[in-house]
2 protein chains.
Amino acid sequence: MAQDLKTTELAILGLLARRPWSAYELTQYMRTSNIRAIWPRAESRLYEAPKKLARLGYASTEIATVGKRSRTIYSINQKGLEALTTWMGEDSRPFGFEYEALLKLALGDVGDSRHRLSQLATLERQSDEDWATLAAFFQQFASGESEEPSADRQVQNLLVNSFIRELLDARRRWSGVAAAINAEYSACTTEAEKSAMVRRFYAALLHGDAPQGDGDG
Amino acid sequence: MAQDLKTTELAILGLLARRPWSAYELTQYMRTSNIRAIWPRAESRLYEAPKKLARLGYASTEIATVGKRSRTIYSINQKGLEALTTWMGEDSRPFGFEYEALLKLALGDVGDSRHRLSQLATLERQSDEDWATLAAFFQQFASGESEEPSADRQVQNLLVNSFIRELLDARRRWSGVAAAINAEYSACTTEAEKSAMVRRFYAALLHGDAPQGDGDG
DNA sequence: TGGGCAATACTCCTGTTAGGAGTAACCAAC
DNA sequence: GTTGGTTACTCCTAACAGGAGTATTGCCCA
């Protein structure tokens, strides 16, 4: 494959496969796209990546004029399409996340149980806020106002958005689980009781309800 | 707060608050810690960050000798403890993730429905593999083999690990949801039917079973 | 008609970060 | 004594964050 292309560049090729874009259009699009939720990158990257694609021969450029303004338009070419197709068929890097509030919970030795409660409250508040934002974002799709050009594009968006929603559900569900863990832990008195309770919860994590999945998962 | 410290440095302060570490010890610890799952950073960072902490006066260093080998030991100091405590009380950056396989699904215009099925299979396989890895990791806690020094540390780990598990559950659950979406979509024949089906699914996403959460979430 | 503000269309800038590879001394086992 | 793995780091380029900065254009309003 194109060893000289990073995932971000390949993602831009994916967008160029849809239609030609200026870099500025890419930045505007990314502000409201769910692609930014699943592959977040700084806006400056959206200027850098198309330039690299053009430099390495995966896209072509053309200077267009709108009114008295000029803009650089990037278009994918055959080499770019081939690189994109190759990338699509390759193994992908795994799921990864980072969460500062959870990091504080994990490192919470400097605090007492009030610290833990404070962090749990932060995590819950953040999941509620993110849910409200997501619900507002989904409204356009539920009402049909969103202008996706084809049903295929709509179902792609739906698949991605439902993934994002499942993660949000998980975070909200976890807030309840965490509150239960904390309550039960606080009700213990001896170290031995506490350790035993922790092991019971792990046993439950390992053998809890299998989530609804398809097939042999 | 310590405006000159990044989250990674503050996380290292959190570990130094537990005990003094060498940077090499930090890299070994991170290989098996759930902290790496929630705040993934390259090993070279674990050499860089303590040096910066020492340079800026948040930690002290001491050269120890083990056999004929020397190593640098970092210890937190009062300034570091204060910076850590301040950080714990501040607002935290939101949850964020990146997922290359989902990105490919989102950009799947170059493919046909077989491409979509292929990506869905990849996403399911990855979640199954990650689940197996996680279950193996949890085994040490369920059996009590893990040597956490205190019950408080155990429950912190449990809270973090249960978060990670909920995310994994969500990914596995989503694979089933995605298969259902794909099946129902494929059974549609007209663009209008497809769009209507997509809108129905969004309505369900918006008004689906509220996940079990605590309180006013 | 001119002024002011927002949009357009970028570049700039420092420091963080990835992602291991590379380096070299030490240590233990054979 | 030698060999391979461990220990304990540094190195290196390019990607990346995170906006701020720059300058022109365009539109709206008085």
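Numbers restart at 1 for each chain; the letters A, B, ... are given by sequence-line order, proteins then strands.
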Let me have the donor-acceptor pairs involving side chains of residues 134-141 of chain A, under 3.5 Å, with sequence neighbours excluded, atom names and distances please.
| from | atom 1 | to | atom 2 | distance (Å) |
| --- | --- | --- | --- | --- |
| A:Q140 | NE2 | A:F137 | O | 3.1 |

In a table with atom names and distances, give each donor-acceptor pair under 3.5 Å that connects a side chain of residues 44-55 of chain A to protein atoms at least two apart or in another chain.
| from | atom 1 | to | atom 2 | distance (Å) |
| --- | --- | --- | --- | --- |
| A:K52 | NZ | A:D4 | O | 3.0 |
| A:K52 | NZ | A:E9 | OE1 | 3.3 |

Nucleotide by nucleotide, nucleotides 18-30 of chain C touches protein heavy atoms under 4.0 Å in the pattern (B base, S sugar-phosphate only, - none) SBB----BBS---
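For A:R19, the salt bridge (charged side-chain N to carboxylate O under 4.0 Å, His left out) partners are A:E25, not counting sequence neighbours. Here A:Y99 pairs with B:F95, B:F163 under the ring-ring contact (aromatic ring centres under 6.0 Å, His included) rule; sequence neighbours left out. Residues meeting the side-chain hydrogen bond (donor to acceptor under 3.5 Å, both in side chains) test with A:T8, sequence neighbours left out: A:W39, A:R41. Not a single side-chain contact (heavy atoms from CB on, under 4.5 Å) links A:T32 to another residue, sequence neighbours left out. For B:K79, the salt bridge (charged side-chain N to carboxylate O under 4.0 Å, His left out) criterion is met by no residue, not counting sequence neighbours.
Residue pairs meeting the side-chain hydrogen bond (donor to acceptor under 3.5 Å, both in side chains) criterion with at least one member in residues 64-73 of chain A, sequence neighbours excluded, do not occur.
Base pairing in DNA chain C yields stems of at least 3 consecutive Watson-Crick or G-U pairs, both distances under 3.5 Å, namely C:1-30 with D:1-30.
Taken residue by residue, residues 95-104 of chain B places no heavy atom nearer than 4.0 Å to DNA chain C. A heavy atom lying under 4.0 Å from DNA chain C marks none of the residues of residues 23-39 of chain B.
Contact annotation: B:K52 side-chain N/O to C:dG15 OP1/OP2 distance is not under 4.0 Å. Between B:T8 and C:dT16, a side-chain N or O to OP1/OP2 separation shorter than 4.0 Å is absent. Checking the phosphate oxygens (OP1, OP2) of C:dC10, a side-chain nitrogen or oxygen of A:T72 falls inside 4.0 Å.
In this entry the distance linking CD of A:E48 with P of C:dC10 reads 13 Å, nearest Å.
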